Amino acid sequence: MIKLEIDGRQVEVQHGATVMDAAGKLGIYVPHFCYHKKLSIAANCRMCLVEVEKAPKPLPACATPVAEGMKVRTHSPVAKNAQNGVMEFLLINHPLDCPICDQGGECQLQDLAVGYGGSASRYQEPKRVVLHKDIGPLVAAEEMSRCIQCTRCVRFGQEVAGVMELGMIGRGEHAEIVAFVGKSVDSELSGNMIDLCPVGALTSKPFRYSARTWELARRKSVSPHDGLGSNLVVQVKQGRVMRVLPLENEAVNECWLSDKERFSYEGLNAPDRLTRPMVRNNGRLEEVDWEVALARAAAGLRDAGVLASPHATLEELFLAGKLGRAEFRLRHSDFSADGKRAGIPWLGMPIAELGSLDCVLVIGSFLRKDHPLIAQRLRQATKRGAQIHVLHSVDDDWLMPVASKTIVAPAAILQAIAAFKGKLAGAKNAAVLIGNFAQQHPQAAQIHAAAQALGVKLGFLGEAANSVGGYVAGLPTGGGLPAALQKEAVLLLNVEPELDCADPQLLRNAKFVVNLTAWKSGLGDVLLPVAPFTETAGSFVSTEGRLQSFHAAVQPLGESRPAWKVLRVLGTLLGRPGFEFDTLEEVRQACLGGRDVAGLLSNGIEAVATPAWSVSGLQRIAEVPIYFADPLVRRSPPLQQTRDARAPRAWMNGALLQKLGVAAGQPVLVRQGEGSAKLIAALDDRLPADCVRVAAAHASTAGLGAMFGGLSVEKIVVEKVA
C-alpha cells in the first residue's frame, strides 16, 4: 500500500493506483471528461490537471500514478488556473446551442463550464463546423460540432463492446469522430455510447427532441427481457415512458444496458396496443366490458391448460399456475429432466463471478445476442487470461479471443461434450455454461447430465427474465408443454405462440383460447388487456437467483389491468382455492412461502434416459433473433430498423448450396413438417455440413415446424414473362 496526501488529507491506496483513484477514495472530485472508471486511460482532455508537489507543471490526475509521500493539491491556484485554461480551450469551438441541445441539463461540459469557465470568451473567430453523421437508427450523431474528442465512445467500442465501430480522423482542430465509410454502428451495446458522451454529440435517436431532462420523472425498474435482471431507470413525462437508462449496479449490469433493454420501451405504445377487452362473436372480435369478457373467459376455462411467458412476473406466474396444467418453458422441447433435478437450474454462481473464471466452456449459445452483458463480462475475463471454449452449431463472432471452437450439427452436440473434459481439468476456476440453444435442444436433459459429468462448475444462462422465477412460482405443474396442451381450452399469458413457442403451430388443436395480452391478436376467443412491465408491479428472479421487485412507472393504458389482478379474478370466478389476495405483496409471500430463493437453486441432475434423437436429411439450426425474442421488442420501431432485425435467410455452406443447385441471393422454398417458408438463400461456409440456419420467432418463418428437426430446401424457379 502507498500513502499520500491530497488536499491535506492522508489516504492509502494500492500500488498502481492513480491520483484520480486516490482522490475518489477520499470523496474529492477532480473535474474530468475523458476519464471513465470502466475504460482505459486516455488522458487526452487534460481537464483533470492537478498540482503535484515538486512536479514542474500540473499533471493529469487520471494518468499520474501515486508515489509514497506524494502531496497533491486539486484546488490550488496552480491547479485551478490549469483547469480553467483547459476549459477555455474546450469552449473555443463548442457551439453555443445549449438552449436546443438534447443533452442540456445533463451535460458534463455544461456543468463544469459553470465552475471552470469564463463569463465571456476571448475568441472572436468563427467556430468550426463538423458535418453530421448517420450511424444507424439508435444513436444520433447529428451535432458532432459539439464533440470534444474525449474518445470515450471509441474506447467503449474497442474495450467493452469488443468492436471498433467509431474512430478519430484528422489532427488538431480538424480531428473528428467518424464511423467506417459506409458503415453504421451495429453493436448490441451501442446505446451505452450515449450515456458515455459528456456533451451532446451522441444522443438517443428515438428520444431526441421529445423531452427535456428536467421534465422527466424517474422510476426504478428491472429489465423484463433476458435473465440478467438489469436495473433500469424509467423516465416518464405526462404518463408516458420517454426513455430508459441504466441504474448502476456493479453486481448485475454494472453501468451498462443492452440496446434491447434500452430501446424496447418504444414498443409500449405500438399501434396494436390492446386497451379494451374483446370477445369473438360470429368469428369477429368485438370490444366489450370487462364483466362480459371475464364471464365468457371463466365459462370456457373450467378445464384448461396454461401457457405463460417466462417474461411474466413471479406473481403472475404463481397465479397462472393455480388455474390449470401450466408451462412457461415455451421454446423447450425436452422435459425429461423434470423430477430428476436436485433443484432449480440457475447460473451456478453470482453474475459478478463470471469475470473471475479462468476457463469457460459455453455449450449451445448465441452468446452476444442472447446475453449481451454476460458476453461483455466474459470478454473482460479474457483480457486477464481466461480461456473460452465454444461448442455450438454456428461459428458467430463473439468479439473476444476464443481458445477453441467445436462447430457441429445439432444432433452431434451431445456426443461432443465429453471431449472437453481434458481442456477443463487443468483449470483452477473452470465452469460450463449451458446456453439457450442447448436448453431448447431435444436432448437438453442429456446435455445437462453430460455437462455435469465434466466435473466443474455448471451454470445455465437464463433465457428470459423469469426463467428461474418460473420454477420458484411452482411451474411447471407437470408434464411439460404436451401436458398443458392436452386440454381443449388454453389460457395464454403474454404469449404469441407462433413466435414464442418451440413449435409455431402449437395451438392448432385448441378449441377455446383466452389471451391475456397487451397487444391485439387474431388468436383468442377472449382477449383481456393486461399491462406491460412499466404499467404494473411485480418481481423477477434473475439467472443468478436474485429476487428483484419493481413498481409501475405509469398508469395502465386505457382499460388495461395488471395481469395478476386479472388472474386473481379469473381464479375467483372459477371457484379455485387460494386466490384470496388483496395486495401484490400477499401474492409474493404466498408464492415464496417463507422460502429463501437461494435454498431452492441447484444444477445437479440424476441420470436421464432421453430417447435417442436423430434427423434424416438436412438439419435446422434455429436461433431466436435478439430483437424478436419477446412481444415488446418485436414492436419497437427503432430496434426493428437495425441490422439484427433483418428478415431471416436460409443460411448454408457452399457445398450444400452447390448440391442443391442454388446460388446465394436466390429465393428458395424451405419445407419443414407440414409447413413451408419462402426465403432467400445465403452463404455461410462456417456452418456444419447438411445444416440450414433458419431463425425462429419471425413472421416469415412461423409457417415452419419446430425449432429442431429435419427440413428440405428447394430452388424456386421464377418463370420469365414473355
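Both backbone and side-chain heavy atoms feed into the values below; hydrogens, waters and symmetry mates do not. Because the structure is predicted, anything quoted here is derived from the model rather than measured.
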| field | For Gln440, side-chain hydrogen bond (donor to acceptor under 3.5 Å, both in side chains) partners two or more places apart | value | Glu463
| request: Heavy atoms only: give me the nearest Leu687-Ser393 pair and the separation to one decimal. | output: CD2-O, 3.9 Å
| Counting only N and O atoms by type, is there a donor-acceptor contact under 3.5 Å from the side chain of Glu266 to the main-chain atoms of Phe263? | no
| request: Decide yes or no on side-chain contact (heavy atoms from CB on, under 4.5 Å) for Leu228 and Ser223, but give the supporting numbers first. | output: CA-CA 8 Å; Leu228 190 75; Ser223 169; over 6 Å; no
| said: Would the distance check show the side chain of Thr543 and the main-chain N or O of Phe460 forming a donor-acceptor pair, the cut-off being under 3.5 Å? | reply: yes
| With a 6.0 Å cut-off on ring centres, are Phe156 and His36 close enough? | no
| task | Please check if the side chain of Glu316 supplies one atom and the backbone of Pro562 the other of a donor-acceptor pair under 3.5 Å. | result | no
| query | Just wondering, do Leu528 and Thr517 contact through their side chains at under 4.5 Å, heavy atoms? | reply | no
| query | Any donor-acceptor pair under 3.5 Å linking the side chain of Asn466 with the backbone of Val541? | reply | yes
| note | Shortest non-hydrogen pair, Leu317 vs Ala473, comes out as CB-CB, 3.8 Å
| task | Hey, could you give me the CH2/CZ distance between Trp564 and Arg588, rounded to the nearest 0.5 Å? | result | 10.0 Å
Name each donor-acceptor pair under 3.5 Å that joins a side chain in residues 627-634 to protein atoms two or more places apart or in another chain, with its distance.
from	atom 1	to	atom 2	distance (Å)
Asp630	OD1	Leu632	N	3.1
Asp630	OD1	Val633	N	3.2
Asp630	OD2	His225	ND1	2.8
Arg634	NE	Glu496	OE1	3.3
Arg634	NH1	Asp500	OD1	3.1
Arg634	NH1	Phe628	O	2.7
Arg634	NH2	Glu496	OE1	2.7
Arg634	NH2	Asp500	OD1	2.9
Arg634	NH2	Asp500	OD2	3.3

| query | Below 4.0 angstrom, N of the basic side chain to O of the carboxylate: do Glu165 and Lys183 qualify? | reply | no
| task | Sequence neighbours left out, what passes salt bridge (Lys or Arg N to Asp or Glu O under 4.0 Å) with Arg686? Give chain and number order. | result | Asp684
| query | Taking atom CD1 of Ile447 and atom CG of Leu391, what is their separation to the nearest 0.5 Å? | reply | 8.0 Å
| said: Can you confirm whether more than 12 heavy atoms, excluding those of Arg240, are under 6.0 Å from its CZ atom? | reply: no
| said: Side chains of Arg331 and Asn436 only: does a donor on one sit below 3.5 Å from an acceptor on the other? | reply: no
| field | Min side-chain heavy-atom separation Arg620-Gln672 under 4.5 Å | value | yes
| query | Counting distance only, does the side-chain N/O of Ser184 pair as donor-acceptor with the main-chain N or O of Asp186 below 3.5 Å? | reply | no
| message | Looking at Arg635 and Asp272, is there a salt bridge between them, counting it only when a charged N and a carboxylate O are closer than 4.0 Å? | response | yes
| request: Go through the steps to decide whether Lys260 and Glu188 satisfy the test salt bridge (charged side-chain N to carboxylate O under 4.0 Å, His left out), and finish with yes or no. | output: CA-CA 8 Å; Lys260 176 164 66 172; Glu188 59 278 358; over 6 Å; no
| request: Taking all heavy atoms of Gly229 and all of Val252, pick out the closest pair and write down the distance. | output: O-CG1, 3.4 Å
| query | What do you reckon, is CZ of Arg649 surrounded by more than 12 foreign heavy atoms closer than 6.0 Å? | reply | no
| field | Contact summary for Leu189 and Asp259, nearest pair of heavy atoms | value | C-OD1, 3.5 Å
| task | Could you walk me through whether Arg243 and Glu106 pass salt bridge (charged side-chain N to carboxylate O under 4.0 Å, His left out), step by step? | result | CA-CA 14 Å; Arg243 183 167 62 168; Glu106 51 187 10; 3.0 Å; yes
| Do Glu498 side-chain atoms and Leu506 backbone N/O form a donor-acceptor pair below 3.5 Å? | no
| query | Is there a salt bridge (charged side-chain N to carboxylate O under 4.0 Å, His left out) between Arg368 and Asp644 once you walk through the steps? | reply | CA-CA 11 Å; Arg368 272 181 56 204; Asp644 278 322; 6.0 Å; no
| task | May I ask you to decide whether Glu254 forms a salt bridge with Lys38, counting only side-chain N to carboxylate O separations under 4.0 Å? | result | yes
| task | Kindly say whether Asp334 contributes a backbone atom to a donor-acceptor pair with the side chain of His332 at under 3.5 angstrom? | result | no
| request: Measure the SG-CG distance between Cys255 and Asn192 for me, rounded to the nearest 0.5 Å. | output: 7.5 Å
| Chi angles and distances behind the side-chain contact (heavy atoms from CB on, under 4.5 Å) call for Arg377, Ile374 | CA-CA 5 Å; Arg377 285 196 182 262; Ile374 287 180; 5.6 Å; no
| said: Quick one, Ile413 and Phe437 - any side-chain contact, counting heavy atoms below 4.5 Å? | reply: yes
| said: We want to know whether Arg262 and Ser636 form a side-chain donor-acceptor pair, criterion being a heavy-atom distance below 3.5 angstrom. | reply: no
| Quick one: does Arg379's side chain have a donor or acceptor within less than 3.5 Å of a partner on Ala161's backbone? | yes
| said: Checking the side chain of Thr313 only, and the main-chain atoms of Gly538 only, is there a donor and an acceptor separated by less than 3.5 Å? | reply: no
| task | Could you give me the CA-CA distance, side-chain angles and deciding distance for Gln548 and Ser539, then say whether side chain to side chain donor-acceptor pair (under 3.5 Å) is met? | result | CA-CA 5 Å; Gln548 300 184 106; Ser539 308; over 6 Å; no
| said: Determine whether a donor-acceptor pair (N or O, by modelled atom type, separation under 3.5 Å) exists between the side chain of Lys220 and the backbone of Leu247. | reply: no
| Centroid separation His371 to Phe366 less than 6.0 Å | no
| query | Going through the checks in order, is the side-chain contact (heavy atoms from CB on, under 4.5 Å) test met by Ser365 and Leu461? | reply | CA-CA 9 Å; Ser365 176; Leu461 299 172; 4.0 Å; yes
| field | Distance-minimising heavy-atom pair for Pro410 and Ile621 | value | CG-CG1, 3.8 Å
| field | CD/Glu250: more than 12 non-hydrogen atoms of other groups inside 6.0 Å | value | yes
| Considering residues at least two apart in sequence or located in another chain, which fulfil the side-chain hydrogen bond (donor to acceptor under 3.5 Å, both in side chains) criterion with Glu535? | Arg273
| field | Output field: ring centroids Phe540/Phe533 closer than 6.0 Å | value | no
| message | List the residues meeting salt bridge (Lys or Arg N to Asp or Glu O under 4.0 Å) with Arg276, not counting sequence neighbours, and say none if there are none. | response | Glu287, Asp289, Glu559
| field | Closest non-hydrogen atom pair between Ser521 and Leu527, with its separation | value | O-CD2, 3.3 Å
| Run the side-chain contact (heavy atoms from CB on, under 4.5 Å) check on Trp398 and Val390 step by step: do they pass? | CA-CA 10 Å; Trp398 287 4; Val390 179; 3.4 Å; yes
| task | Taking atom types as modelled, find out whether Asn253 and Glu248 have a side-chain donor-acceptor pair closer than 3.5 angstrom. | result | no
| request: Can you sort out the partners of Asp102 under side-chain hydrogen bond (donor to acceptor under 3.5 Å, both in side chains), two or more places apart, ordered by chain and number? | output: none
| Would Lys369 and Asp226 pass as an ion pair if we require N to O under 4.0 Å? | no
